[in-house]
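Just below is one structure, and these are the notes that go with it.
Here is the naming used below: chain letters follow the sequence lines, and residue numbers restart at 1 for every chain. Because the structure is predicted, anything quoted here is derived from the model rather than measured.
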There are 2 protein chains.
Amino acid sequence: MLKLTKKADYGLMALKYLAEHPENPALSAKDVADAYGIPAQLLAKILQLLTKNGLLKSHAGMNGGYALARDAREISAYEVIHAIDGPFFITSCTKGAKSCELTPSCTIKEPLARVNDTIAGVLKSISIQDLAEHEQPAHRQHAAQRLVALTL
Amino acid sequence: MLKLTKKADYGLMALKYLAEHPENPALSAKDVADAYGIPAQLLAKILQLLTKNGLLKSHAGMNGGYALARDAREISAYEVIHAIDGPFFITSCTKGAKSCELTPSCTIKEPLARVNDTIAGVLKSISIQDLAEHEQPAHRQHAAQRLVALTL
DNA sequence: CTATATCCGACTTCTTCAGTCCGCATTCAG
DNA sequence: CTGAATGCGGACTGAAGAAGTCGGATATAG
């Protein structure tokens with residue numbers, strides 16, 4: 001509950017790895033999988049998804065592989081998760097399509113939708129570059145601290 | 001992925017319902033279940049969990065039922081979710097017990113742990129009272145807006 | 001005593017996640 | 001041209017967790 005799937009995790013790791021090795025024109029799925037001890041075939045499918053969603057560029061054939069489609073700063077964790085796991089909603093009864101069947105109106109949803117937006121906002125604010133840098137940029141740390149101060 | 005379980009949803013709804021009916025000394029699981037169209041036996045187990053974790057007070061026997069153990073302002077959404085679904089971690093490899101087995105060190109975890117804390121902070125800031133009130137308190141809306149501004 | 005409650009463990013069913021398998025298409029080296 | 005390396009993509013299996021059910025024990029008001 002409230003957990004990222006391993007696929008999303010793997011995807012983030014893979015993009016981070018690519019961001020850390022910009023010298024290579026293309027790294028194969030196997031390269032990345034070996035680097036992290038991830039099942040290669042599984043990672044392959046994940047990278048394919050990311051390619052289909054425009055986050056990666058792929059090149060088939062020998063010495064082929066994947067490379068970031070954009071600068072690492074321009075790819076957010078949100079995009080990665082969204083590409084792999086699809087749109088996320090905190091609540092089971094997403095008010096998107098057919099809303100909540102239960103009850104007149106589960107008024108609970110409205111505040112939780114706001115939580116949902118907040119989480120999405122935080123994830124959008126984190127770039128692959130941020131993951132690749134071992135030290136977090138200072139301004140982000142401060143933002144996080146003030147954020148907690150505000151919301152508590 | 002990244003979704004609340006229905007149990008947690010149900011728990012929040014039930015607490016909200018109790019908060020909206022402070023005049024009743026105790027409402028039975030069936031009362032609440034009927035009000036929302038939730039399976040009664042399932043909700044019963046959820047309320048038992050909440051009781052065991054000190055969020056509700058129970059009274060067996062005829063005219064028995066449940067009541068909030070504290071003021072609705074003093075019960076956070078975080079507590080409810082935690083009581084029902086256990087401790088939550090965004091990442092599969094929680095750095096709690098045995099940390100991540102994969103790889104030297106999946107450095108990805110550190111930034112995501114911060115996201116985790118942020119989400120927890122937001123959930124802690126929301127009380128059952130907030131859910132029960134149809135209008136969100138203004139200061140909280142502003143906080144959320146500033147939060148997004150800061151983190152984006 | 002009885003009806004209505006909570007309490008609690010075991011169980012089934014359903015869905016989703018994680019991972020595998022296999023065949024096909026693309027590209028490059030020799 | 002051929003073969004190896006790679007991406008592409010559907011189908012499948014097994015395991016885990018979520019959702020919900022069942023049955024029985026205990027407590028309590030009338």
Short side-chain N/O contact to D:dA19 OP1/OP2 from B:Y10, under 4.0 Å: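 So the side chain of B:Y10 is outside the cut-off, no N or O lying under 4.0 Å from OP1 or OP2 of D:dA19.
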
C:dC7 OP1/OP2 closer than 4.0 Å to side-chain N/O of B:S58: yes

Between OG1 on residue A:T118 and CD1 on residue B:I126, distance to nearest 0.5 Å: 7.5 Å

Spacing of CG belonging to B:D9 relative to NZ belonging to B:K3, to within rounding of 0.5 Å: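 Answer for the CG-NZ pair, B:D9 versus B:K3, is 10.5 Å.
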
Atom of B:A67, atom of B:P25 and distance for their closest heavy-atom approach: CB-O, 3.4 Å

Length of the [atom1]-[atom2] vector between [X] and [N], whole Å:
X	N	atom1	atom2	value
A:L4	C:dT16	CG	P	18 Å
A:D34	D:dA5	CG	P	14 Å
B:K57	C:dT6	NZ	P	16 Å
B:L47	C:dC8	CG	C1'	14 Å
B:K6	D:dG20	NZ	C1'	10 Å
B:L2	C:dT16	CG	C1'	15 Å
B:L42	C:dC11	CG	P	19 Å
B:I81	D:dA18	CD1	P	14 Å

Candidate pair A:L68 and A:L56, rule side-chain contact (heavy atoms from CB on, under 4.5 Å), full reasoning: CA-CA 5 Å; A:L68 298 181; A:L56 290 178; 3.8 Å; yes

Working for side-chain contact (heavy atoms from CB on, under 4.5 Å), residues A:T5 and A:I81: CA-CA 9 Å; A:T5 62; A:I81 295 169; over 6 Å; no

Pair A:D85-B:L2, side-chain contact (heavy atoms from CB on, under 4.5 Å): steps then yes or no: CA-CA 9 Å; A:D85 287 339; B:L2 216 43; over 6 Å; no

Closest to the A:Y66 side chain, choosing from D:dA19, C:dA18, D:dG7: D:dG7

Nucleotide nearest A:T51 (side chain, heavy atoms from C-beta), chosen from D:dC8, C:dC7, C:dG19: D:dC8

Stepwise side-chain contact (heavy atoms from CB on, under 4.5 Å) test for B:V32 and B:I38: CA-CA 8 Å; B:V32 181; B:I38 298 173; 5.7 Å; no

B/S/- contact track for nucleotides 23-30 of chain C, protein heavy atom under 4.0 Å: ---BBB--

Sequence-aligned protein contact record of nucleotides 9-16 of chain D, with B where the base is within under 4.0 Å of a protein heavy atom and S where only the sugar-phosphate is: BBB-----

Results of side chain to side chain donor-acceptor pair (under 3.5 Å) for A:R70 - residues two or more places apart only: A:E79

Contacts of type side chain to side chain donor-acceptor pair (under 3.5 Å), residue B:D71, not counting sequence neighbours: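 Per chain and number, B:D71 pairs via side chain to side chain donor-acceptor pair (under 3.5 Å) with no residue.
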
same_hphob_cluster(B:Y10, B:Y36) at 4.5 Å side-chain heavy-atom cutoff: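 Looking at the clustering, B:Y36 is in the same group as B:Y10.
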
Same cluster (ILVMFWY, side-chain, under 4.5 Å), A:L49 and A:I128: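 Cluster IDs for A:L49 and A:I128 differ.
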
Those residues of residues 22-32 of chain B lying under 4.0 Å from DNA chain C by at least one heavy atom: B:S28, B:A29

Pair listing, side-chain hydrogen bond (donor to acceptor under 3.5 Å, both in side chains) test, anchored in residues 39-67 of chain A, at least two apart: none

